[in-house]
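Shown next, in structure tokens, is the structure this report addresses.
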Amino acid sequence: MLNEADNLADIFRGGLPYFLIITLPILIICSPCLASEFEVMAMTKYDVNGENFGSRSSVISLEAKSLYTWNTGRHCVLARLLDISLNDFNRIRQKAGGLIIMLPDDVQTLSNEVKDQILMLEQQMLTQSIPIPVYFASFTKTLEHIINDITSTTIDNNTQDKTALGQLLLSVNANGYHITVDGQNSAANKNSKLASIQGEFVPNQYAMQKENTGDGNNLPLILITANLKTFGIINKYPLNADSAVLMALIEIFSKLHTTLSTTPKYRLGFFLSDSGLLLNFQGSKKWLEIDDNLAIQNVEFVLCLDTITQSLTSNQPNVLYMHVSKPPKEKTSISNYFKLLKSIAGRNSANLTVEGVHKKINLADSKLSWEHERFSMKRFPAFTLSSARNPTSPLRTTMFKDKESHIVEQLVTSVKNIAESLACYMYKIDPLSDIFKGHAAITEDNILPYLGIKAILQNNDIKDGFEKYLKNVKVFYDKPDEREPDFMFYNGINPKLNIYRVKPAIFDLFLTFAISLYLVGIYFAIQFFPKLYGLISTSTNISIRCFIKPSPNVLKRK
């Protein structure tokens with residue numbers, strides 16, 4: 001036994017320090033471990049008229065903190081969209097190192113008050129240049145658990161009733177998270193371009209000859225325009241109701257223009273662009289600058305569709321607003337159409353009203369409020385039909401939507417009112433007449449095929465629909481100027497979000513102190529092991545001698 005002890009001492013004196021093996025499990029436990037990987041969507045970034053919008057940065061490698069515990073630029077805030085207020089967002093964009101937002105699981109179940117809060121926050125994000133990286137993640141239970149974990153505060157753990165030592169131990173025992181997003185720095189896309197498409201119904205030539213009106217090119221033009229919403233706060237847009245209404249009107253009026261007896265004494269033109277409010281209606285601007293554009297001659301009026309129905313139900317009245325730059329004079333084309341639309345809407349929809357809104361064009365402002373202002377500045381009589389009363393309404397740019405069935409139901413009503421009012425105007429018939437009925441009735445089938453349209457360049461449905469029903473179909477492309485671009489997009493991909501579970505910094509300090517004490521203890525144990533061994537050996541020998549020493553009674557017996 002004593003010989004074995006000597007060998008053990010020799011090992012510690014000059015051999016491999018096996019005591020380090022004891023520290024390896026501790027180091028492995030304390031090393032970062034991958035909690036999970038998530039799909040994230042980068043916030044949109046684009047330029048308009050020299051102004052920067054969206055998030056410019058991409059890379060994140062920071063400690064994750066909750067909305068209530070972050071305080072420096074070394075923290076990345078991980079929070080639910082429902083929990084972020086406007087003040088929170090403004091403070092984060094100025095001082096935090098990054099922001100990861102988890103989108104709600106089901107927007108439809110939220111109250112109108114919460115929806116209003118989401119809309120206002122979304123609008124705030126779209127109208128600012130944000131210097132920090134911002135990403136959006138879909139709802140998952142794993143991410144929800146991580147947010148709940150980092151949101152837990154000392155108050156939740158009842159630390160107010162604990163001593164300073166108890167609070168320290170809780171801090172040491174807490175879990176932390178480290179966030180990494182290996183995003184690429186976005187570069188300006190020099191090949192950025194916006195597509196626009198035009199077409200018109202050419203009246204039946206036989207009917208034109210019969211009426212002695214020539215080939216129809218001299219007829220007054222009613223132009224209907226809309227814009228595709230190709231992106232919101234992320235490069236994804238779930239709903240394009242305005243373009244669906246425009247395509248439905250093309251399909252509906254094609255039945256009237258192909259029939260000899262129902263050929264109107266008007267040209268009916270359509271214009272659809274990839275640029276909307278966020279891009280300052282750049283497509284309409286480029287289209288109007290074409291010198292030989294015969295499609296916009298002899299214009300009766302221009303009808304612009306903008307947020308014709310609400311994609312996210314909020315505390316908004318069921319009203320359709322006609323926005324104009326100047327109050328229309330009595331007996332003008334816009335005034336006559338407004339009266340027809342108001343009368344027909346009141347007859348078809350008991351709870352829908354039509355109101356006129358007048359707003360002057362602010363020439364000092366580089367960004368327009370409505371698309372009809374582009375045409376009004378060119379002296380064309382124009383107006384916008386919208387469910388939004390205020391041009392700054394967040395409903396115009398939101399990426400959130402309610403149930404598709406509810407939206408389609410609203411669109412059918414809108415298409416019916418607009419189509420009947422246009423027909424009554426062109427054919428000069430009584431607004432009490434029910435034109436679109438029977439085989440010409442407007443149904444969901446006129447809306448659904450075009451509701452998922454994303455972009456003119458990506459969807460053949462648009463060009464095919466124009467070429468199927470319309471004549472003089474042309475596609476225009478607008479590219480940014482190399483020296484002073486009116487708009488600019490940026491290249492980028494949606495990266496992966498990695499979240500690692502780590503211990504807080506105070507745990508590292510505590511662990512360093514504990515390991516130091518441990519190593520010091522081992523060092524002194526090795527250094528003084530011979531003395532300790534000698535002391536133990538002496539004590540052991542004395543005990544053995546005492547144990548084997550014969551007692552006096554035994555000697556006397558002998």
Side-chain angles (χ1 to χ4, degrees), residues 41-59 125-134 183-198 225-237 240 243 271-296 304 361-378 380 397 453-460 462-463 473-495:
M41 298 161 283
M43 186 178 182
T44 300
K45 48 184 75 66
Y46 62 99
D47 298 343
V48 178
N49 298 328
E51 294 185 61
N52 301 330
F53 297 95
S55 174
R56 295 291 155 183
S57 302
S58 301
V59 180
M125 291 181 178
L126 283 168
T127 56
Q128 295 184 7
S129 177
I130 303 172
I132 65 172
V134 180
Q184 299 178 353
N185 291 327
S186 301
N189 185 2
K190 301 300 182 180
N191 296 321
S192 299
K193 59 182 178 181
L194 295 172
S196 302
I197 187 170
Q198 73 168 51
T225 72
N227 289 278
L228 283 164
K229 299 174 182 177
T230 55
F231 65 90
I233 54 176
I234 56 177
N235 289 322
K236 177 182 177 182
Y237 211 87
N240 265 305
S243 58
F271 176 77
L272 183 63
S273 175
D274 272 347
S275 65
L277 174 64
L278 295 179
L279 296 175
N280 202 23
F281 307 105
Q282 183 65 28
S284 302
K285 177 184 177 182
K286 181 68 175 180
W287 193 54
L288 289 169
E289 290 174 351
I290 300 175
D291 295 332
D292 59 345
N293 196 343
L294 300 177
I296 49 177
C304 304
I361 301 175
N362 186 5
L363 298 177
D365 194 351
S366 60
K367 295 198 70 175
L368 300 180
S369 299
W370 302 99
E371 186 182 17
H372 75 262
E373 296 179 354
R374 287 276 183 216
F375 295 91
S376 296
M377 289 189 294
K378 293 291 185 178
F380 294 119
T397 53
I453 291 174
K454 295 180 180 179
I456 294 175
L457 296 177
Q458 296 179 7
N459 295 82
N460 293 328
I462 298 177
K463 189 176 180 181
V473 176
K474 295 180 181 179
V475 179
F476 302 89
Y477 298 99
D478 183 17
K479 295 183 178 181
D481 186 84
E482 293 184 359
R483 292 173 295 179
E484 296 182 0
D486 292 329
F487 66 95
M488 181 63 67
F489 299 127
Y490 288 80
N491 295 322
I493 59 174
N494 291 329

- Looking only at heavy atoms, the pair that brings L272 and I456 closest together is O-CD1, 3.5 Å

- Query: Out of curiosity, S192 OG to D478 CG, how far, rounded to the nearest 0.5 Å?
  - Reply: 10.5 Å

- For the student: nearest non-hydrogen atoms of L368 and F281, plus distance: O-CE1, 4.1 Å

- Please test V473 against I197 for side-chain contact (heavy atoms from CB on, under 4.5 Å), starting from the C-alpha separation and ending with a verdict. CA-CA 7 Å; V473 176; I197 187 170; 3.9 Å; yes

- Query: Which heavy atom in L288 sits nearest to a heavy atom in K378, and how many Å separate them?
  - Reply: CD1-CG, 4.1 Å

- Query: Hey, does the side chain of S275 reach the backbone of G283 with a donor-acceptor pair shorter than 3.5 angstrom?
  - Reply: yes

- Message: Is it the case that the side chain of S129 and the backbone of F53 share a donor-acceptor pair, with hydrogens and angles ignored and the cut-off at 3.5 Å?
- Response: no

- Message: Check the orientation of W287 and F271. Use parallel for under 30°, tilted for 30 to 60°, and perpendicular for over 60°.
- Response: parallel

- Message: Looking at every heavy atom in both S243 and I453, which two are closest together, and how far apart are they?
- Response: OG-CB, 4.5 Å

- Query: Looking at side-chain heavy atoms only, is the closest gap between I233 and V134 below 4.5 Å?
  - Reply: no

- Task: State, to 0.1 Å, how close P133 and V59 come at their nearest heavy-atom pair, and which atoms those are.
- Result: CG-O, 3.6 Å

- Task: Could you tell me whether the side chain of N240 and the main chain of K229 form a donor-acceptor pair under 3.5 Å?
- Result: yes

- Supply the atom-to-atom distance D365 CG to K367 NZ, rounded to the nearest 0.5 angstrom. 8.5 Å

- Message: For the backbone of T230 and the side chain of D274, can you confirm whether one donor and one acceptor N or O come within less than 3.5 Å of each other?
- Response: no

- Under the 3.5 angstrom rule, does the side chain of N280 hit a backbone N or O of Q282 as a donor-acceptor pair? no

- What distance separates K45 NZ from S57 OG, expressed to the nearest 0.5 Å? 8.5 Å

- Item | Side chain proximity check, D486 to K286, heavy atoms < 4.5 angstrom | no

- Checking side-chain contact (heavy atoms from CB on, under 4.5 Å) for the pair N235/Y490: CA distance, chi angles, key distance, verdict? CA-CA 11 Å; N235 289 322; Y490 288 80; over 6 Å; no

- If only atom types and distance count, is the side chain of S55 paired as donor or acceptor with the main-chain N or O of I132 below 3.5 Å? yes

- Query: Given the rule in the salt bridge (Lys or Arg N to Asp or Glu O under 4.0 Å) test, do D47 and R56 qualify, once you have shown the distances and angles that lead to the verdict?
  - Reply: CA-CA 11 Å; D47 298 343; R56 295 291 155 183; 2.7 Å; yes

- Rounded distance (nearest 0.5 Å) linking atom CE of M377 with atom OG of S284: 10.0 Å

- Message: Checking the side chain of N189 only, and the main-chain atoms of M488 only, is there a donor and an acceptor separated by less than 3.5 Å?
- Response: no

- Task: Looking only at non-hydrogen atoms, find the nearest pair between K193 and Y477 and report the distance.
- Result: CD-CD2, 4.1 Å

- Any chance you could lay out the side-chain contact (heavy atoms from CB on, under 4.5 Å) test for L278 and T44, step after step, and finish with the verdict? CA-CA 11 Å; L278 295 179; T44 300; over 6 Å; no

- Quick one: pull up CG in L277 and CD in E371 and give me the separation to the nearest 0.5 Å. 10.5 Å

- Item | Spacing of CD belonging to E484 relative to CG belonging to N49, to within rounding of 0.5 Å | 10.5 Å

- Query: Are C304 and T225 close enough, and set up right, to give a side-chain contact (heavy atoms from CB on, under 4.5 Å), and what steps lead you there?
  - Reply: CA-CA 5 Å; C304 304; T225 72; 3.3 Å; yes

